[in-house]
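Please read the structure below before turning to the comments.
First listed ligand is number 1; within each ligand, the first listed atom is number 1. Values below: every heavy atom of this structure, side chains too, minus hydrogens, waters and symmetry copies.
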Amino acid sequence: MVSDKKIIAVLGATGAQGGGLLRSILADKDGPFKARALTRDVNSAKAKALAAAGAEVMAADVDDAATLRRGFEGVHGAYCVTFFWDHMSPEKELAEAGSMAEAAKQTGVQHVIWSTLEDTRRLVPLEDDRMPTLGGKYKVPHFDAKGEADALFTRAGVPATFLLTSFYWDNFIYFGAGPKRGPDGKLALVLPMGDKKLPGMAAEDIGKCAHGIFKRGREFIGKTVGITGEHLSGEEMAAGLTRALGEQVTYQGVSPEVYRSFPFPGADDLGNMFQFKRDFNDHFRGARSVDFSRSLNPELQSFDQWLSRNADKIPLEAAAG
Ligand SMILES: NC(=O)c1ccc[n+]([C@@H]2O[C@H](COP(=O)([O-])OP(=O)(O)OC[C@H]3O[C@@H](n4cnc5c(N)ncnc54)[C@H](OP(=O)(O)O)[C@@H]3O)[C@@H](O)[C@H]2O)c1
């Protein structure tokens, strides 16, 4: 029997955002879509698992325009995400977003979701010295290039929804952002957020929300929408971690200057990012609604729900230095 389901091509399908979308489409057996997973290696264990679960798996590299075009050929929708932390180059990220926009235009994709973030330079111009300029022309490189790339989709005339995502709580597991054990043996969650609230979410929920956007048809084309699971202060996250880990976690607010000086790659970018979220907290939070996110994805997880499934995976390492 020939399926009349529309195809959604998913970049980053073996990763966090795209993987969530893939799994959400595959789980929606009676839904209107089928999933095409795009990966650089169709033979990887993750790609094979997606094929076994029922996805079409196709080779594509965002740095190879011909493969990208093939990946978008014949699809209704495309989920476009870039991979900043693989290369840490905003210029490369911008070029990759441009290639995605171009491929979507050439293949006539009817709905692109571009996983974007704010161009912080609109609120913190380069001459504003409350935070350092990085790489000569950015304040928060991994935000700014994504925000700048919005115009590439618009200019190409691609029907796009601009999806503002939130801090993944999964960063506490995979990105070294979780609580650290100090010299006193006690656990501290170190963030430069002052007493402001940080919108956060389960990475898995990003794809589920994107699925909800595709299902709503043309409603969000040309619009910017923001998603989040919960807005929580450092104290509130530390309290949640304390309950879930069964061990006291204390929130340790530090200044963005101190955070920027931490000895890991990208600490300056992340220090600026948290400062932006802290100093423009109303603006940043106002762009991300929990209720809206739940309307797209009724299974949206709270922090406590995410912790109940994931707290045992958080590595409780000693703080560096
Ligand atoms: N961490 C956060 O809190 C957070 C919050 C908001 C936004 N973001 C943004 O999320 C983005 C990353 O998304 P993610 O977390 O879903 O990524 P991820 O889990 O690291 O997965 C990345 C996937 O992308 C694929 N990939 C990498 N380079 C590729 C290329 N050249 N061509 C095609 N596919 C490629 C890889 O698949 P294959 O190996 O199978 O090809 C990989 O599985 C970053 O730009 C980051 O700034 C992160």
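- Proximity of a side-chain donor or acceptor of Gln275 to a complementary backbone N or O of Arg130 within less than 3.5 Å is detected.
- Within the structure, ring-ring contact (aromatic ring centres under 6.0 Å, His included) pairs that include any residue of residues 284-303 comprise Trp169-Phe303, Phe220-Phe292 (at least two apart or interchain).
- Ranking the protein heavy atoms by distance from atom 7 (C) of ligand 1 puts Thr165 OG1, 3.4 Å first.
- Between the side chains of Gln17 and Ser115, at least one donor-acceptor pair of N or O atoms lies under 3.5 Å.
- No donor-acceptor contact under 3.5 angstrom links the side chains of Tyr138 and Glu148, judged on distance only.
- Checked against a 3.5 angstrom limit, the closest N/O atoms of Thr39 and ligand 1 fall inside it.
- Not less than 6.0 angstrom separates the ring centroid of Trp114 from the ring centroid of Tyr79.
- Regarding atom 31 (N) of ligand 1, its nearest protein heavy-atom neighbour is Asp61 OD1, 3.0 Å.
- Of all protein heavy atoms, the one closest to atom 32 (N) of ligand 1 is Val62 N, 2.9 Å.
- Remark: ligand 1 and Gly18 share no N or O pair separated by less than 3.5 Å (distance only, no angle test).
- Remark: among candidates Lys146, Lys92, Met201, Arg40, the nearest residue to atom 30 (C) of ligand 1 is Arg40, based on non-hydrogen atoms.
- A donor-acceptor pair is defined here as one N or O able to donate and one able to accept, closer than 3.5 Å; such a pair exists between the side chain of Thr116 and the backbone of Lys146.
- Between Thr82 and Glu93, the side chains place a donor N or O and an acceptor N or O closer than 3.5 Å (distance only, hydrogens not considered).
- Relative to atom 42 (C) of ligand 1, the option among Leu21, Thr14, Leu11 with the closest non-hydrogen atom is Thr14.
- Between the side chains of Asp144 and Thr120, a donor-acceptor pair is found at a separation under 3.5 Å.
- Residue Glu93 approaches ligand 1 through these ligand atoms, each under 4.0 Å from one of its heavy atoms: 45 (O).
- Those atoms of ligand 1 that come under 4.0 Å of a heavy atom in Ala16, given as number and element, are 15 (O), 16 (O), 18 (P), 19 (O).
- The shortest contact between atom 11 (C) of ligand 1 and any protein heavy atom is with Thr82 O, 3.1 Å.
- Residue Asn171 has at least one heavy-atom neighbour below 4.0 Å for each of these atoms of ligand 1: 1 (N), 2 (C), 3 (O).
- Atoms of ligand 1 found under 4.0 Å from any heavy atom of Asp63 (numbered from 1 in listed order, with element): 31 (N).
- Atom numbering of ligand 1 starts at 1 in the shown order; those under 4.0 Å from a heavy atom of Gly15 are 18 (P), 19 (O), 21 (O), 43 (O).
- At a 3.5 angstrom cut-off on N or O pairs, Leu117 does not count as close to ligand 1.
- At the shortest separation from atom 16 (O) of ligand 1 among protein heavy atoms lies Gln17 N, 2.7 Å.
- Taking all heavy atoms of Gly20, Ala97, Ala60 into account, the minimum distance to atom 33 (C) of ligand 1 is reached by Ala60.
- Which of Phe167, Trp85, Tyr168 comes nearest to atom 14 (P) of ligand 1 through a heavy atom is settled by distance: it is Tyr168.
- Set against the non-hydrogen atoms of Gly12, the atoms of ligand 1 under 4.0 Å away are 23 (C), 24 (O).
- Close approach of ligand 1 to His142 (heavy-atom distance below 4.0 Å) involves ligand atoms 47 (O).
- Under a 4.0 Å N-O distance rule, the pair Asp63/Lys92 qualifies as a salt bridge.
- Residues Arg218 and Gln110 have side chains that never bring a donor and an acceptor to within less than 3.5 angstrom of each other.
- Contacts of Asp170 with ligand 1, taken as heavy-atom pairs under 4.0 Å, are absent altogether.
- Donor-acceptor pairing under 3.5 Å is lacking for the side chains of Thr250 and Lys186.
- In the hydrophobic clustering of this structure, Phe33 groups with Leu50; members are Ile, Leu, Val, Met, Phe, Trp, Tyr whose side-chain heavy atoms approach within less than 4.5 Å, directly or through other members.
- Closest protein heavy atom to atom 20 (O) of ligand 1: Asp86 OD1, 4.7 Å.
- Judged by distance alone, the side chain of Thr242 and the main-chain N or O of Ala238 form a donor-acceptor pair under 3.5 Å.
- Between Ser166 and ligand 1 there is a heavy-atom distance shorter than 4.0 Å.
- Of the candidates Phe83, Phe143, Tyr79, Tyr174, it is Phe83 that places a heavy atom closest to atom 23 (C) of ligand 1.
- Considering backbone and side-chain N/O of Ser44, none are found under 3.5 Å from N/O of ligand 1.
- Looking at Asn272, its side chain does come within 3.5 Å of a backbone N or O of Lys139 through a donor-acceptor pair.
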